[in-house]
*Asks:* 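Encoded as structure tokens, here's the structure I'll be asking about.
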Amino acid sequence: MTSSRESRRGADALVQDPALPPVAVPEAELERETRMTLPKIVLWVAIALLGAVAWTMLAIVRGETVNAIWFVFAAVCTYLIGYRFYSKVIERYITRPDDRRATPAEAKQDGKDYVPTDRRVLYGHHFAAIAGAGPLVGPVLAAQMGFLPGTIWIIVGVVLAGAVQDYTVLFFSMRRGGRSIGQMARDVLGKVGGTAAIIASLLIMIIIVAILALVVVNALGESPWGVFSVAMTIPIALFMGLYLRFLRPGRITEVSLIGFVLLIAAIAGGGAVAATEWGQALFHLDRTTIAWAIIVYGFIAAVLPVWLLLAPRDYLSTFMKIGVIVMLAGAIVLVRPEIEVPAFTEFAETGLGPVFSGTLFPFLFVTIACGALSGFHALISSGTTPKLVEKERQTRFIGYGGMLMESFVAIMALVAAISIDQGIYFAMNSPAALTGGTVEGAVAFVNSLGLTGVNLTPDMLTSTAAAVGEETVVSRTGGAPTLALGLAHIMQQIGGGTAMMGFWYHFAIMFEALFILTAVDAGTRVARFMLQDSIGAWVPKFRDISWRPGVWICTGIMVAGWGYILILGVTDPLGGINTFFPLFGIANQLLAAIALAVVFAIVAKRGPSYVRWLWIIAVPLAFTAVITITASMYKIFSPVPAIGYWANNAKYRAAQAAGDGSLGEPEVVEAVIRNTAVQGTLSIVFVVLTIVVIAVAIISAVNSIRRGVTDDGEDEPTPSRIYAPSGLIASKAERALEAQWHEHDAATGTVRSRGAH
């Protein structure tokens with residue numbers, strides 16, 4: 001049984017204007033272009049063989065060392081196969097795009113929120129928005145368990161889970177006018193499931209933004225060079241915004257090149273400024289001061305016009321992000337560093353590593369929170385990016401392809417982290433509570449771990465700090481400094497030697513800060529939109545995003561929320577990243593479970609022909625639900641204080657009641673009690689809300705399958721009047737169709753402007 005609504009979605013509803021060239025490549029032509037020929041078969045067999053050799057070298061043949069080049073080959077070959085074949089299956093049987101339909105960007109074009117945007121520009125914007133701290137930090141921390149578990153999860157997980165989520169959420173949001181994941185949940189799951197999803201999304205967003213900001217704080221603390229360079233990105237971005245708005249509108253490449261030159265000048269100048277007395281006085285800031293500065297910045301950036309700060313930083317960070325990762329991959333191929341880190345370490349089994357606590361299952365999968373799967377992406381893939389898509393078939397390139405690029409960032413971060421000496425790695429990533437924050441303390445602690453092949457000396461730490469222009473590298477937790485050191489270690493082998501270590505280190509720090517601050521201010525803005533929409537259910541005025549009091553109030557609430565968690569993390573005696581990052585990872589993956597649950601219910605409602613392919617969504621949903629709920633249970637109920645929040649809370653409360661000073665000064669004990677209570681409470685709230693959403697989604701899907709009713713809640717289709725290719729490079733048929741449109745526009749004097757947003 002199908003509804004009359006579905007019957008109106010046939011060809012009759014999409015009658016094209018006969019005065020225009022075709023708006024879509026004919027299905028027969030699409031089939032012909034994707035048909036496998038002998039040259040294509042040879043090419044894909046070669047790619048598959050190279051990938052198989054790389055995986056064999058990593059997983060089976062590995063000896064005392066493994067060459068880093070195999071990580072690059074394994075990743076790239078797997079991504080190519082996943083994109084060409086698996087994402088095509090999703091396109092053919094799950095999303096089923098129709099370029100004859102007008103996207104919301106075309107149908108609702110308003111020059112502000114809905115703007116048909118060139119697919120290549122939009123790919124860059126989407127990648128800049130989704131790529132935050134997760135793919136940089138998670139793999140670095142997970143290196144504690146060895147290189148193989150993280151490598152498998154990052155590469156295989158993205159193909160089967162992360163990219164599937166991003167692509168399907170983007171597509172179904174686009175089919176619903178660009179609704180947010182919370183709005184879709186409310187429409188698809190009803191009042192109970194929708195309300196739980198909205199509350200969970202808002203609370204999880206607070207945690208995500210706070211930990212992103214904490215990574216920046218830990219990277220810049222007591223680093224005048226880093227603080228100066230990152231601070232300079234703000235006036236550079238403002239200049240770029242004004243340049244594009246008033247001086248040279250639309251000159252994106254031009255202004256990005258100018259911005260890049262200014263950034264390099266800021267890095268080079270940072271070393272000179274840090275060497276002066278006034279530079280030390282102005283820019284040598286403690287972590288708490290930097291945290292408050294980021295809180296103020298987050299509020300201002302979220303309320304400023306998007307063209308003034310966020311958009312130009314997106315242009316700049318996209319060039320930087322993709323450029324640096326490609327540069328690092330090329331350097332790895334040239335240098336071919338030998339990796340001495342074992343495939344598995346003892347910490348994968350015991351779960352008592354100094355970087356973070358928890359066994360391989362489930363904690364590896366929530367520590368690498370973005371490189372393989374990220375719930376944060378569902379917020380970007382719904383509500384913002386879908387309002388800018390020109391044609392439906394572009395969603396595979398932008399959603400699935402954008403996530404593959406983020407996964408590649410994660411693999412490069414992992415390789416950079418494991419390319420440095422293991423002793424230095426643990427000295428940098430163990431909290432000050434374990435190392436004492438001193439060189440001597442770090443050496444004694446790391447050597448006491450009894451790791452094979454690790455013999456750390458004080459000179460190794462002091463000479464490393466001197467080489468990168470820092471006072472110390474001890475307990476520089478958060479992953480960002482480790483990644484920066486790894487990148488500097490690899491890049492200096494190509495040219496410049498150790499004399500260039502300081503430049504490359506701070507280049508990487510600024511690169512990471514650009515990565516992360518983009519997510520902080522964009523995340524705050526998205527969270528504000530979500531809160532305005534939620535409050536708007538009771539006070540309609542709040543839904544008007546141009547109403548300044550509503551903008552300021554909702555921004556203030558969200559910034560206060562993540563700012564509070566940020567300050568807790570900065571002042572946490574146990575090391576903010578070490579205790580808060582598991583909560584970040586769990587929260588992020590719980591949000592992914594919510595997003596996949598919503599997609600699961602949507603696909604089930606599309607009709608019987610879709611149900612047989614539900615496993616494509618069900619597999620990552622089930623896996624994500626199991627690992628996140630299991631991890632939550634560990635953090636809530638584990639009796640081991642290093643793992644369980646409430647166990648640790650009880651340990652410190654008992655010490656406080658007994659007047660036992662062995663765990664620290666009274667204010668330290670009080671801080672741990674407060675922080676673990678906050679973390680434990682949030683863990684309970686998050687997992688309960690997620691279970692509610694998943695349960696409601698499953699019930700909804702089962703009911704839809706039983707009734708056989710097709711009612712997916714999509715917007716009514718309207719015929720498209722524009723055309724654009726679907727991928728990065730236009731195919732032969734797409735180029736031919738583009739030529740027809742150019743001829744038509746020339747003959748009719750039509751001028752088409754596709755937004756650069």
Side-chain angles (χ1 to χ4, degrees), residues 43-84 127 131 135-136 139-140 143 146-148 150-156 158-159 318-343 371-372 401 403-422 425 482-498 500-501 503-505 507-508 511-512 515 728-729:
L43 173 64
W44 286 109
V45 167
I47 292 172
L49 288 175
L50 177 59
V53 169
W55 278 113
T56 301
M57 296 301 296
L58 291 176
I60 301 174
V61 177
R62 63 179 188 271
E64 294 184 1
T65 64
V66 62
N67 198 295
I69 198 172
W70 297 118
F71 291 89
V72 178
F73 289 153
V76 172
C77 292
T78 306
Y79 298 153
L80 289 173
I81 293 171
Y83 184 75
R84 170 58 183 84
F127 175 71
L136 300 176
V140 174
F147 71 77
L148 190 57
T151 300
I152 294 174
W153 171 231
I154 291 169
I155 298 176
V156 178
V158 73
V159 171
T318 299
F319 277 79
M320 286 284 288
K321 289 174 180 179
I322 297 178
V324 170
I325 292 305
V326 171
M327 177 187 71
L328 180 57
I332 290 170
V333 172
L334 291 174
V335 175
R336 299 188 300 280
E338 290 291 331
I339 305 302
E340 297 181 359
V341 175
M403 183 56 192
L404 291 182
M405 177 57 75
E406 169 149 339
S407 178
F408 192 52
V409 171
I411 281 294
M412 292 301 97
L414 176 64
V415 172
I418 60 180
S419 68
I420 65 175
D421 181 84
Q422 283 190 79
Y425 167 84
T482 305
L483 173 56
L485 179 62
L487 185 145
H489 174 70
I490 292 171
M491 294 306 299
Q492 60 91 18
Q493 295 180 58
I494 293 179
T498 54
M500 287 293 290
M501 283 282 288
F503 172 84
W504 284 117
Y505 178 87
F507 174 85
F511 155 72
E512 294 171 291
F515 238 105
L728 177 64
I729 301 172

*Asks:* Set out, in order, the CA-CA distance, both residues' side-chain angles and the distance that settles side chain to side chain contact (heavy atoms under 4.5 Å, CB included) for V140 and Y425, then state yes or no.
*Replies:* CA-CA 9 Å; V140 174; Y425 167 84; 4.2 Å; yes
*Asks:* Could you go through the side chain to side chain contact (heavy atoms under 4.5 Å, CB included) check for F73 and V53 one step at a time?
*Replies:* CA-CA 9 Å; F73 289 153; V53 169; over 6 Å; no
*Asks:* In the structure I gave you, are the side-chain heavy atoms of V158 and F408 within less than 4.5 Å of one another anywhere?
*Replies:*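 No - every pair of side-chain heavy atoms lies 4.5 Å or more apart.
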*Asks:* Please report the interatomic distance OG1(T151) to CD1(I418), rounded to the nearest 0.5 Å.
*Replies:*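 The OG1 atom of T151 sits 6.0 Å away from the CD1 atom of I418.
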*Asks:* If you round to the nearest 0.5 Å, how far is CZ of F71 from CD1 of I339?
*Replies:*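 That separation rounds to 6.0 Å.
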*Asks:* Any side-chain heavy atom of E338 within less than 4.5 Å of one from N67?
*Replies:*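 Counting from C-beta outward, E338 and N67 do come under 4.5 Å.
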*Asks:* Do other residues, nucleotides or ligands put more than 12 heavy atoms under 6.0 Å from the CD atom of E340?
*Replies:*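 Counting other residues, nucleotides and ligands, CD of E340 stays at 12 neighbours or fewer.
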*Asks:* Which atoms form the tightest heavy-atom contact between A413 and P135, and what is the distance?
*Replies:*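 The answer is CB-O, 3.5 Å.
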*Asks:* Measure the spacing between CD1 of I332 and CD1 of I494 and express it to the nearest 0.5 Å.
*Replies:*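 Output value for this atom pair is 9.5 Å.
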*Asks:* So, for V341 and G146, which heavy atoms are closest and what is the spacing to 0.1 Å?
*Replies:*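 Reported closest heavy-atom pair: CG1-CA, 4.1 Å.
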*Asks:* Could you tell me how the ring of W504 sits relative to the ring of F507: parallel (under 30°), tilted (30 to 60°) or perpendicular (over 60°)?
*Replies:*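 W504 and F507: perpendicular rings.
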*Asks:* Show your working on side chain to side chain contact (heavy atoms under 4.5 Å, CB included) between L404 and Y83 and close with a plain yes or no.
*Replies:* CA-CA 8 Å; L404 291 182; Y83 184 75; 3.7 Å; yes
*Asks:* Treating Y79 as the side-chain partner and M405 as the backbone partner, does any N or O pair qualify as donor plus acceptor under 3.5 Å?
*Replies:*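 It does not hold such a pair.
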*Asks:* When you compare the side chain of F147 with that of V415, does any pair of heavy atoms fall below 4.5 Å?
*Replies:*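 No; the side chains remain at least 4.5 Å from each other.
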*Asks:* Look up atom CG in L485 and atom CD1 in I490, then write down how far apart they are to the nearest 0.5 Å.
*Replies:*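 Separation between the atoms: 10.0 Å.
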*Asks:* Show the nearest heavy-atom pair for residues A331 and M491, with the distance to one decimal.
*Replies:*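 Heavy atoms only, the tightest pair is CB-SD, 3.6 Å.
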*Asks:* Work out which heavy atom in A48 is nearest to a heavy atom in I81; give both atom names and the distance.
*Replies:*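 Taking every non-hydrogen atom into account, CA-CD1, 3.9 Å.
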*Asks:* From M57 CE over to I69 CD1, what is the distance, rounded to the nearest 0.5 angstrom?
*Replies:*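 Separation between the atoms: 11.0 Å.
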*Asks:* Taking I154's backbone N and O only, do any of them form a donor-acceptor pair with S407's side chain (distance below 3.5 Å, no angle check)?
*Replies:*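 Yes, S407 side chain to I154 backbone: donor-acceptor pair under 3.5 Å.
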*Asks:* Which pair of heavy atoms, one from I420 and one from G486, lies closest together, and at what distance?
*Replies:*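 Result for this residue pair: CG2-CA, 3.6 Å.
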*Asks:* Between atom OG1 of T78 and atom CD1 of I411, what is the distance when rounded to the nearest 0.5 Å?
*Replies:*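 T78 OG1 to I411 CD1: 9.0 Å, rounded to 0.5 Å.
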*Asks:* If you take all heavy atoms of L414 and P139, which pair is closest and at what distance?
*Replies:*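 For L414 versus P139, the nearest heavy atoms are CD1-O, 3.5 Å.
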*Asks:* Would you say T56 and W70 make side-chain contact, with heavy atoms under 4.5 Å?
*Replies:*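 Side-chain contact under 4.5 Å: no.
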